[in-house]
Number of protein chains: 2
Amino acid sequence: MHSPLKHIAESTVRRLSLYLRFLEEFEARGQSTVSSGELARSGGTTSAQVRKDLSFFGSFGKRGLGYDVKDLIASIREILGLEHPWPVVIIGAGKIGAALAQYRGFTSRGFHVVGVYDSDPAKVGNALGALQVRALTDLEADIAQHHPRIAVLAVPAEAAQPIVDRVVAAGLRAILSFAPAPLLVPAGVTLRAVNMATELEILAYSLTHAE
Amino acid sequence: MHSPLKHIAESTVRRLSLYLRFLEEFEARGQSTVSSGELARSGGTTSAQVRKDLSFFGSFGKRGLGYDVKDLIASIREILGLEHPWPVVIIGAGKIGAALAQYRGFTSRGFHVVGVYDSDPAKVGNALGALQVRALTDLEADIAQHHPRIAVLAVPAEAAQPIVDRVVAAGLRAILSFAPAPLLVPAGVTLRAVNMATELEILAYSLTHAE
DNA sequence: AGTAGCTTGTGAACGATTTCACAAGCCTAT
DNA sequence: ATAGGCTTGTGAAATCGTTCACAAGCTACT
Ligand SMILES: NC(=O)c1ccc[n+]([C@@H]2O[C@H](COP(=O)([O-])OP(=O)(O)OC[C@H]3O[C@@H](n4cnc5c(N)ncnc54)[C@H](O)[C@@H]3O)[C@@H](O)[C@H]2O)c1
Ligand SMILES: NC(=O)c1ccc[n+]([C@@H]2O[C@H](COP(=O)([O-])OP(=O)(O)OC[C@H]3O[C@@H](n4cnc5c(N)ncnc54)[C@H](O)[C@@H]3O)[C@@H](O)[C@H]2O)c1
């Protein structure tokens with residue numbers, strides 16, 4: 001695998017994550033090799049796209065044969081940085097925060113929720129699966145102790161920016177926010193925002209402008 | 001507003017949704033006009049981008065002055081198709097389905113949840129805010145009666161494709177899926193998939209490859 | 001009425017991403 | 001050992017999306 005000096009497009013990284021999912025399905029079905037064409041068909045893209053995406057990081061296939069499923073899984077996991085687990089904190093133990101805290105789809109992919117925090121004393125101590133909601137005041141001390149690498153924000157929009165500032169001050173460098181609020185982070189911190197109303201609005205647009 | 005014969009990029013539609021949110025904040029603060037530059041600053045983009053995005057749909061501003069906040073809100077709402085409410089069904093009343101069913105951020109933007117469905121008899125009848133979970137067997141009859149336009153899927157991955165087939169057969173043409181499964185829809189149906197593990201994996205990639 | 005100061009709307013330039021197309025390479029069969 | 005059939009890896013071309021840069025147009029002021 002070369003070290004990618006070039007900047008890699010987000011769309012490429014997103015597709016690698018998709019390929020990984022399909023490869024795991026191929027593996028579960030006992031298929032030992034896969035061609036770029038098969039992978040493309042599962043992912044709704046083209047074989048050239050699959051090969052180009054991989055080519056940014058190295059050369060993983062055998063001409064005439066395709067890719068070894070297990071090897072390619074290992075390679076993509078390494079590219080994405082998934083060879084080791086990522087500890088995650090969730091801030092906001094409301095409806096969506098509670099759902100995320102108990103989501104097995106995170107754990108199974110190596111994202112371990114090490115803490116869930118809420119500012120509401122009525123929520124503190126509640127059990128969420130194996131976890132207990134902790135007081136927001138414990139956040140900094142817990143971060144110093146457990147070194148989570150990613151923060152997931154599930155607080156109301158107006159509470160989001162102060163929380164971002166706190167987790168950044170505490171040393172976190174990656175944030176996934178579900179709050180529909182514009183958030184500012186300093187350079188060097190990656191922020192991703194999932195906005196579900198926007199997703200529905202894109203669907204509304206597509207229905208409105210369908211022929 | 002011209003009828004956009006040209007295909008509009010998804011990134012443009014997504015930004016329009018964002019602009020709408022900021023415009024509503026400007027309106028709430030009593031600001032009556034806004035320039036493309038101000039809008040750009042809120043949205044983390046450039047003034048040229050804002051103007052270009054709008055220009056695909058017509059000409060909404062006044063040179064030297066900017067945009068009238070109320071007028072632009074109305075125009076963007078019309079572009080996105082938000083002048084009328086959109087009835088939505090949610091399928092799967094588990095943790096994430098329940099959170100979505102009670103999410104006020106949908107209702108406030110014109111997406112009305114008219115039904116929540118689950119195949120588990122133990123869940124049927126449960127209250128979710130003002131709604132009651134209904135049996136999956138009621139789905140087709142309810143769709144015929146209430147004509148929802150959008151289906152939100154919050155069922156386990158392996159249940160997702162059959163549900164997609166059912167809602168498509170029942171006439172729905174837009175689906176938002178939270179299930180991490182590759183889904184096929186016929187031409188003419190828009191499917192969007194939100195994959196939270198992928199979001200975290202993109203963050204893991206960015207942390208892994210940070211200098 | 002004319003000027004100064006802003007801001008829009010938009011072709012054209014640029015940059016990024018996707019698609020094309022094919023040489024290179026591997027496997028099997030003869 | 002060679003041929004045939006496949007599939008990769010990758011420059012080059014094409015397409016798509018963003019940014020630039022400026023003429024056109026509005027308001028306010030004199
Ligand atoms: N419910 C959904 O389906 C959904 C979907 C998309 C986005 N969201 C967004 O996610 C966020 C949470 O939504 P929800 O439905 O879970 O709301 P909720 O009211 O159920 O939960 C919010 C939680 O955050 C806690 N909180 C408030 N301020 C806090 C702070 N400063 N620090 C820590 N915790 C704090 C509250 O005590 C509460 O427990 C909102 O921004 C919402 O817009 C929700
Ligand atoms: N919990 C999360 O935070 C989260 C986040 C992202 C994605 N997801 C995905 O969303 C989906 C639901 O997750 P969840 O955590 O809510 O799981 P869950 O087990 O709490 O809920 C799933 C619900 O779907 C119902 N169901 C199963 N088969 C069905 C069918 N054929 N028709 C209708 N209902 C059916 C079940 O009875 C259950 O109530 C899963 O695909 C999951 O991967 C969940």
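Atoms considered below: every heavy atom in the structure, side chains included; atoms not considered: hydrogens, waters and symmetry mates. Reminder, nothing fancy here: chain letters follow the sequence lines and each chain counts from 1.
Taking only distance into account, the side chain of A:Arg63 meets the base of D:dT8 through a donor-acceptor pair shorter than 3.5 Å.
The pair A:Glu24-A:Arg109 meets the salt-bridge criterion, since a charged nitrogen lies less than 4.0 angstrom from a carboxylate oxygen.
A heavy atom lying under 4.0 Å from DNA chain D marks the following residues of residues 26-51 of chain B, by number: B:Thr46, B:Ala48, B:Gln49, B:Arg51.
Atom P of nucleotide D:dG17 and atom NZ of B:Lys6 are separated by 10 Å, given to the nearest angstrom. Per the geometry, NZ belonging to A:Lys52 stands 11 Å off C1' belonging to D:dA13, to the nearest Å.
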Can you give me every donor-acceptor pair (side chain of residues 151-163 of chain B, partner residue at least two apart or in another chain, under 3.5 Å) with its distance?
{"from": "B:Gln161", "atom 1": "OE1", "to": "B:Leu184", "atom 2": "N", "distance (Å)": "2.9"}
{"from": "B:Gln161", "atom 1": "NE2", "to": "B:Asp165", "atom 2": "OD1", "distance (Å)": "2.9"}
{"from": "B:Gln161", "atom 1": "NE2", "to": "B:Leu184", "atom 2": "O", "distance (Å)": "3.0"}

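A sub-4.0 Å separation between OP1 or OP2 of D:dG17 and a side-chain N or O of B:Ser11 is absent. Within the structure, a side-chain polar atom (N or O) of B:Tyr67 is placed less than 4.0 Å from OP1 or OP2 of C:dG9. Considering only side-chain N and O atoms, B:Ser55 lies nowhere under 4.0 angstrom from the phosphate OP1 or OP2 of C:dT8.
Residues A:Phe22 and A:Tyr19 keep their aromatic ring centres 6.0 Å or farther apart.
Between the B:Trp86 side chain and the B:Gly81 main chain, a donor and an acceptor come within less than 3.5 Å of each other.
In this structure, B:Ile202 and B:Tyr205 have side chains that are not in contact, with every pair of non-hydrogen atoms separated by 4.5 Å or more.
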